[in-house]
Amino acid sequence: MNNDIHAQEQDALAVDKDRYEFYVSLNDSRKKTKAKKDLSSRNSNRSLEGDLKAMSMASLYDGEGEETTEMNTIKPDDSKSVSSTTNLQEDMEARVDVRSMTQNETEPVSVSVEEHIEENACPCNPYGESSSVNNSLYFTDGVRSVDFVLAWKDPTDEQAHLEEAKQLKRDTFENNLLLDGLELERETIENEIHFIKIHAPLEVLRRYAEILKLRMPMKEIPGMAGVKSRTTSFVSRLKGFSGKVARRILIEEKYFPPRSHRFTAVYSRDKEYLFDLKQACFFTAAVRSRIVQFILDRKRFSTDSRNDYAFGVERLIQEEVYIAAYPLHDGEINVPGSMRHLLYNKWAAVSKWYRYQPLDYIKEYFGVKIGLYFAWLGYYTYMLLMASIVGIICFIYSWKTLKYHTPSEEICSKDNDIKMCPLCDHWCDYWQLNETCLHARVTYLFDNPTTVLFAIFMSFWATLFLELWKRYSAEITHRWDLTGFDVHEEHPRPQYLARLAHVQRKKVNAITNTEEPQVPFWRMKLPATILSFSIILLLVSLAIVAVLAVVLYRMSVLAALSVYGDDVTTSVAILFTTATAATINLSLIVVFNWMYTYLAEWLTERELLRTQTEFDDSLTLKIYLLQFVNYYASIFYIAFFKGKFIGYPGNYNRFFNFRQEECGFGGCLMELCIQLGIIMIGKQTVNTVLEMALPIFYRWLNSLKVRIGKQRNQSLKSKGQRFVKDLKLVEWGSRGLFPEYLEMVLQYGFVTIFVAAFPLAPVFALLNNILEMRLDAKKLLTFYRRPVSQRVRDIGIWYRILDSIGKLSVITNGFIIAFTSDFIPKLIYRLTVSPDGTLSGYLNFTLAYFDTRDFQDGSQPHQSQYNVTVCRYPDFRAPPGSPNPYEKTTMYWLIMAARLAFVVIFENIVAVVMILVRWCIPDMSQELRDQIRREAYITNEIIIKQETLRARIDREAETQPDGVRSRKPQTNNVNENFIQLERFLSSNLTSSQLDLFIHNERN
């Protein structure tokens, strides 16, 4: 059967070739006749100058009515137009009715290209049919859409000497765009700002859709629409569970009706009969802008072939040849009739915080990459709701049981007269333990029996979140037709190809089957990787050294202030030291972030990464490493190092001859909680303010850049032109989502890595994300130019970072509970020391004795208001009169062994739970997996069936002399087959019935 099909296809190709030549010759004769008629008409009505100008421009449409030529419109040359027409003819003749072609051999029926475009092509108005749509979204003919805009302005007197070279680059670049089939239209505002509006005609869209392997909607097939009709299985169950409640939180279908998800396939002009070219806006505005961006990034602007880097609009913007390149928003945010207005009012509004997001509409307007970000952010926020509820329950429990906590009650007791050893050398005095009453009670709110349970729960939650996100992401990937997308199908970056232009060795890409340069491993790849790794390690080490320098600064300042102990109080000294150290730390973070971002981009460029996805992933990983060290180093220091190796009052372990910092009574957990709260909440608050303030500032800077006049002191005024208004907006950029993801991933680290010290972290994260989601949407729609659609399969390397954070959180939470909190000492006291199993006497159990006569010289208080011979300090050491004074006791080693055992048991229990969760929740539901397989199978069979039928019809047309009688029954047979196919797809068939129908050959 396969051989027969192959033979039939070969015969069909031969017939198609003859038919193609016939229609080309027919159309050429029609065009020559029409051109003579038009030329004579123009000669009688226009001047010679206008004639020459009109004749120099090729017309896109060859309609039968009166021809109108826009004098400021530039179109491709005649050769391109003929090429475009030829391809359209080739596409058209494959669809011509067989009976019409053979009805009369001496008088063939001619079908014009114009009729084909009008009948089958997507209309050139992807912005919609509403009467409120701005006319500036189209060329002056009101038909062809503005798919992209380039802008440049006249130079000042100081820059006039550079203008000739810039103009040459512009001319070369724009000519190359014309040669590729794009159409240009120029418009000048205030005689200074020049706009080049770009339109991609149908032939260019078809050609590059095939090059980019875009998945486009196929013809409507009943039965397939139901496969992808729902958003998620959870939403479907929610609708059925409680209709009224669900309608209050789900998408407002009044404004965002459910989209009819069309069955799609990778576009191919050879199989164009499968695609629904009649669908309104077959090529949407997002797809059109993406194709034009792809072209702009790869066209040269220099005739010098030796300059390998003379290509791409981004390079031209850097050299100030152009000032901007951008697609257009589809309308105003305050004028109804556009998707931008609808999204602004019904999605970005903070008042809609409780509603689900219209992800399909977000994806259609902004592209897959931004749509996936908001899908992930929404799902992460939704999952935080469960963690927040559990965290609040644990906090309420600790609040209710606070009065029953024996150690804090003993500390706060009026009978408590315990004198503690000084917290610093020379100028710190002895102090009463009951002064830490408030500190002890607040510490219990975060260090209580529920801490362990909550830490275990959050480890389980982190795993559950990632597994459920993979499952949810699989549904989105399927619904948005990203299932078959492979990063290796992505085209190489132009910068990558430019750097390898002189490499002689080539290899064939196994995925795309195209020849690409092979990166020399020993000469280029390995040195770049070693250099990148070495500098990254150096900068991460530098960030760690900076944290240690801040710690040393605090100790040295405290030591310096001891000289002025009579004039400076303890609280003022500590406040001054903390404030200045925090300011230095913040300054170092800002400097390191700026320096590392620049170096990371430079290093990533040297690594010769093939695709933009690989480049972005590598850059993301580098920058996140430094951000991780910058934000978490001080927290790790407090959690695991501060106060752990200080020694004891008579023999302190000093660092550069300075006494180390100590934790307060009860450990550093309270200080860790405060540090986490300040950094997390403060960072989120500052970021929220900056995210709204910086775009306003950048938009103001953009308005300054486009000022006009000799002194550049006049604002550019728009008369409603969309391209003028968008010029003043801020450029989004290819890595515009990086700071958004980075902020959320850093927050995820606070929520998981140190959640044992701050159970309310999920609550604050939830409140922030509810606001963040809407503000990000508002920011995108209001202050930024419309981003170019980017196709990705998932959230990329961010998922691997999240997974690594989840695994790290198991280790950190185990060590925080074991070594930073008092959970293990309290447990040992209950089991081995307390006669009644309570914490009565636990306070005295944790305090060691120190004879004040054993102070080192210069470390005892300079002036003390107490007459103290013995002071207490938190540790498990032998008293002064014992055979081994100040040595660690057996209890210390018992508690240490219990802590290590707890870490092992905790991590193994959590690891088992995580494995069970991953095992119980597959990455993709079986139902979805079967649907994907079924769709792929049916698609292939439909293509084979249609190709077989086409080949059979053409073969019969070639061999039978009387085509009318032979083809009419065959055509009816084809229609009957398609009707049966529709009925088959609308029904619920078993696998055996499916195979029986597909493979059933009808004569």
Side-chain angles (χ1 to χ4, degrees), residues 122-138 142 144-149 199-200 216-217 231 250-262 279-293 326-352 355-375 378 476 479-481 720-723 725-726 729-730 732 736-737 773-791:
C122 167
C124 298
N125 51 349
Y127 300 109
E129 299 286 351
S130 174
S131 58
S132 62
V133 174
N134 196 319
N135 291 331
S136 62
L137 297 175
Y138 302 91
R144 289 168 291 166
S145 61
V146 178
D147 301 324
F148 226 88
V149 174
H199 171 74
M216 305 302 292
T231 303
L250 294 180
I251 300 171
E252 295 180 274
E253 295 186 358
K254 176 182 178 182
Y255 305 105
F256 302 102
R259 301 182 67 89
S260 58
H261 299 289
R262 307 295 296 273
Q279 181 189 5
C281 290
F282 179 74
F283 291 103
T284 63
V287 173
R288 301 172 80 96
S289 64
R290 181 185 173 195
I291 289 175
V292 175
Q293 175 76 59
Y326 52 93
L328 299 179
H329 283 290
D330 67 345
E332 299 289 342
I333 58 177
N334 54 359
V335 178
S338 66
M339 182 56 63
R340 187 187 185 196
H341 171 268
L342 184 62
L343 290 173
Y344 182 82
N345 289 277
K346 302 302 178 182
W347 168 53
V350 180
S351 59
K352 303 293 181 180
R355 284 201 175 271
Y356 276 64
Q357 301 180 94
L359 295 177
D360 291 331
Y361 288 84
I362 299 170
K363 186 266 293 184
E364 286 298 325
Y365 192 79
F366 291 113
V368 172
K369 190 172 185 178
I370 294 179
L372 269 178
Y373 164 73
F374 281 103
I476 294 179
R479 193 168 86 236
W480 291 352
D481 301 310
Q721 297 102 324
R722 182 73 264 159
F723 50 85
K725 294 183 178 181
D726 284 0
L729 299 180
V730 184
W732 177 251
L737 281 179
M773 195 185 310
R774 306 300 167 173
L775 291 182
D776 281 349
K778 190 180 293 290
K779 176 181 64 178
L780 265 172
L781 290 165
T782 306
F783 303 116
Y784 285 93
R785 297 169 188 157
R786 187 172 183 175
V788 178
S789 174
Q790 292 178 275
R791 189 182 183 209

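Just so you know, residue 1 is the first one in the sequence shown, and it goes up from there. Note that this is a predicted model, so its numbers are computed, not measured.
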_Just to verify, what does Lys778 make a side-chain contact (heavy atoms from CB on, under 4.5 Å) with, not counting sequence neighbours?_
Tyr344, Ala348, Thr782
*With Gln293, which residues qualify under side-chain contact (heavy atoms from CB on, under 4.5 Å), at least two apart?*
Phe148, Asp297, Val313, Val788
*asked:* Could you check whether any side-chain heavy atom of Ile370 comes within less than 4.5 Å of a side-chain heavy atom of Leu780, counting everything from C-beta outward?
replied: yes
*With rounding to the nearest 0.5 Å, note down the distance linking CG in Asn345 to CG in Leu781.*
9.5 Å
*Are the side chain of Ser289 and the backbone N or O of Asp147 linked by a donor-acceptor pair below 3.5 Å?*
no
*asked:* Looking at every heavy atom in both Pro787 and Trp732, which two are closest together, and how far apart are they?
replied: CB-CD1, 3.7 Å
*Who are the salt bridge (charged side-chain N to carboxylate O under 4.0 Å, His left out) partners of Lys363, not counting sequence neighbours?*
none
*With sequence neighbours excluded, residues passing side-chain hydrogen bond (donor to acceptor under 3.5 Å, both in side chains) with Tyr361*: none
*Rounded distance [0.5 Å steps], NE2 in His199 versus CZ in Arg144*: 6.5 Å
*If only atom types and distance count, is the side chain of Arg290 paired as donor or acceptor with the main-chain N or O of Gln790 below 3.5 Å?*
no
_Set of ring-ring contact (aromatic ring centres under 6.0 Å, His included) partners for Phe366, sequence neighbours left out_ = none
*Judged by modelled atom types alone, do Tyr365 and His329 share a side-chain donor-acceptor pair under 3.5 Å?*
yes
*Residues in ring-ring contact (aromatic ring centres under 6.0 Å, His included) with Phe783, at least two apart?*
none
*Which heavy atom of Phe723 sits nearest a heavy atom of Leu328, and at what distance?*
CA-CD2, 3.6 Å
*Any chance you could measure Leu342, atom CG, to Glu252, atom CD, to the nearest 0.5 Å?*
9.5 Å
*How many angstroms lie between CH2 in Trp480 and CG in Leu372, if you round to the nearest 0.5 Å?*
5.0 Å
*asked:* Less than 4.5 Å apart, side chain to side chain, heavy atoms only: is that true for Val335 and His341?
replied: no
*Excluding sequence neighbours, so at least two apart, what forms side-chain contact (heavy atoms from CB on, under 4.5 Å) with Gln357?*
Trp347, Leu359, Ile362, Phe374, Met773, Arg774
*asked:* Taking Arg786 first and then Asp330, would you say they form a salt bridge - that is, a charged N and a carboxylate O separated by under 4.0 Å?
replied: no
_Side chain Arg785, main chain Leu729, donor-acceptor under 3.5 Å_ = yes
*asked:* To the nearest 0.5 Å, what is the distance between CZ on Phe256 and CD1 on Ile251?
replied: 8.5 Å
*Taking every non-hydrogen atom, the tightest pair across Ser338 and Glu332*: OG-O, 3.5 Å
*Of all heavy-atom pairs between Leu137 and Arg722, which one has the smallest distance, and what is that distance?*
CD2-CG, 3.5 Å
*Under the ring-ring contact (aromatic ring centres under 6.0 Å, His included) test, which residues partner Tyr326, sequence neighbours left out?*
none
_Does Lys779 form a side-chain contact (heavy atoms from CB on, under 4.5 Å) with Leu775? I'd like the steps, not just the answer._
CA-CA 6 Å; Lys779 176 181 64 178; Leu775 291 182; over 6 Å; no
*In Å and rounded to the nearest 0.5 Å, what is the CZ to CZ distance from Arg288 to Phe283?*
8.0 Å
